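Values reported hereafter were calculated over all heavy atoms of this structure, with side chains retained and with hydrogens, waters and symmetry mates removed. To find a chain, count down the sequence lines: A is the first, B the second, and so on, and within it residues start at 1. All values reported here derive from a predicted model rather than from experimental measurement.
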Amino acid sequence: MTEFTPFSALLGGALIGVATVALMAIHGRIAGINGIVSGLFAMPTSPDWGWRAAFIAGMIASPIAMMWVTGSMPAIEVPVEPLLLAIGGFLVGIGASLGSGCTSGHGVCGISRLSARSIVATVTFMATGLVTVFVMRHVIGG
Amino acid sequence: MFRILTAFGIGLVFGTGIMISGMANPAKVLNFFDIAGTWDPSLAFVMGGALLVTAIGYRLVFRMPHPVLANGFSLPTRKDIDLRLVGGSAVFGIGWGFSGFCPGGLVPALGLGRFEPFIAAAAILAGMAAYKLATQLTQPKQPIANSSAT
């Protein structure tokens, strides 16, 4: 069980929105995390490498900044075996590259622009995520 | 230099939003998907909050002649719905359902100093690398989807 947290969810979502809008207003870029990370495979001398690396560094620094402010690290719980984390991660990396986007790129940026591709992508990955968890927890019973 | 600083600051806000929202917590993500079991609908509110702010914010931003630190807005131009989009997204969802980490949720989780996010991150990078390798082997002359919606 995890606690239903509508207010922190809404607040966190709004902050994600603020950052997404700011990246477009200041840098003119879509805040798709898979795409930004994927761009880091290019040479560090390429023109977009710097801001991409800085953006990712800022994201990684965020829980540390939160600890300075609140005095404790945010807690997470990972109820997944390392092997399944690795298989899942690999599929996420391939799938998001093949499908041109992830939760942030399609789910937030794309849907906000009413992109038909992003709406189809988001409905698809939500549906297969749902089915996967159903099979893992209720069919296989893992 | 200013581009680097603003990008870092925006990443910091994005990551903080992810952490507060619960998207970096696989237990919450997997419970969001588990409608038939221990369902936790919180993440629908994350999506709602993010979409509300972004949909309104983007409309205002696109009235600007150009972004503050760039000559133009870089937006995906493709409109076609093809097998790669649907198939890739389907695979993405299966992986997300296994691990509970999407790329946006995973990156700030790396800052927590736990080992699990690093396993998922290494695997995601391996998946991306495998895709890039396969693309280069099969289509040597084509640029790699860098104008995509990601």
Side-chain angles (χ1 to χ4, degrees), chain A residues 1-2 5-6 9-10 12-17 19-26 28 32-35 51 54-55 58-60 62-63 74 76-78 84-86 88-105 108 110 112 120-121 124-125 128-130 132-133, chain B residues 3-4 7-8 10-17 19-21 25-28 31 33-34 38 40 42 45-46 49-50 53-55 57-58 61 67-68 70 73 88-99 102-104 107-108 110-112 116 119-120 123-124 127-128 131 148-150:
Chain A
M1 282 299 282
T2 48
T5 50
L10 207 55
L15 275 180
I16 294 169
T20 299
V21 172
L23 193 68
M24 187 58 77
I26 296 172
I33 305 311
N34 191 72
W51 76 263
F55 184 89
M59 283 182 77
I60 295 175
S62 63
I76 67 165
E77 195 189 328
V78 189
L84 211 50
L85 275 180
F90 191 75
L91 294 179
V92 161
I94 288 197
S97 302
L98 198 59
S100 310
C102 58
T103 328
S104 47
V108 177
S112 292
V120 168
T124 305
F125 62 63
T128 55
L130 215 101
T132 303
V133 171
Chain B
R3 290 180 76 208
I4 301 290
F8 183 86
I10 297 168
L12 198 62
V13 174
F14 196 104
T16 304
M19 291 306 316
I20 292 176
S21 72
N25 188 352
K28 268 188 106 65
N31 278 343
F33 284 134
D34 193 7
T38 50
D40 176 354
S42 304
F45 289 75
V46 182
V53 172
T54 307
Y58 267 11
V61 166
V68 179
F73 298 104
S89 299
V91 170
F92 172 81
I94 294 170
W96 194 17
F98 278 153
S99 68
C102 65
V107 174
L110 291 171
L112 292 170
E116 301 98 329
I119 297 176
I124 288 185
M128 285 178 178
Y131 170 80
S148 58
T150 49

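What you find for B:Ala90 and A:Thr124 is that their closest heavy atoms are N-CG2, 3.6 Å. A:Ile16 and B:Ser21 get closest at one heavy-atom pair: CD1-OG, 4.2 Å. For the pair A:Ile94 and B:Gly127, the tightest heavy-atom approach, listed with the atom from each and the gap, is CG1-O, 3.3 Å. Here the shortest heavy-atom pairing between A:Phe125 and A:Thr103 reads CZ-CA, 3.8 Å.
With a 4.5 Å cut-off on non-hydrogen atoms, B:Val61 touches chain A through its side chain but not through its backbone. Only the side chain of A:Thr132 comes within contact range of chain B, with heavy atoms under 4.5 Å apart. For A:Val108, the parts lying near chain B are the backbone and the side chain together; criterion is any non-hydrogen pair under 4.5 Å.
If you tally non-hydrogen atom pairs under 4.5 Å between each of A:Leu84, A:Val120, A:Leu23, A:Val78 and chain B, the highest count goes to A:Val78. Note on A:Leu15, A:Ile76, A:Val21, A:Leu91: by heavy-atom pairs under 4.5 Å with chain B, the leading option is A:Ile76. When B:Ala70, B:Gly104, B:Gly95 are compared by the number of non-hydrogen pairs under 4.5 Å with chain A, B:Gly95 comes out ahead. Ranked by heavy-atom pairs under 4.5 Å with chain A, the first of B:Gly49, B:Gly57, B:Ser89, B:Gly111 is B:Ser89. Contact count versus chain A (heavy atoms, under 4.5 Å) is highest, among B:Leu110, B:Ile119, B:Val91, B:Asp40, for B:Asp40. Your options are A:Ala14, A:Ala54, A:Ala19, A:Ala22, and the one with the most heavy-atom pairs under 4.5 Å with chain B is A:Ala54. Of all the listed residues (A:Ala9, A:Pro6, A:Pro74, A:Ala121), the one sharing the greatest number of non-hydrogen pairs under 4.5 Å with chain B is A:Ala9. Counting heavy-atom pairs closer than 4.5 Å to chain A, the top-ranked of the candidates B:Thr38, B:Thr54, B:Val53 is B:Thr54. Note on B:Pro108, B:Cys102, B:Ala120: by heavy-atom pairs under 4.5 Å with chain A, the leading option is B:Pro108. Of the listed residues B:Gly97, B:Pro103, B:Gly15, the one with more heavy-atom pairs under 4.5 angstrom with chain A than any other is B:Pro103.
Using cut-offs of 30° and 60° on the angle between ring planes, the pair B:Phe92 and B:Trp96 is tilted.
With values rounded to the nearest 0.5 angstrom, A:Phe55 atom CZ is found 4.5 Å from A:Ile33 atom CD1.
Judged by distance alone, the side chains of B:Thr16 and A:Ser62 never bring a donor and an acceptor atom under 3.5 Å apart.
Using modelled atom types, no side-chain atom of A:Ser97 and backbone atom of B:Met128 make a donor-acceptor pair closer than 3.5 Å. A:Asn34 places no side-chain N or O within donor-acceptor distance of the main-chain N or O of A:Gly101, the cut-off being under 3.5 Å.
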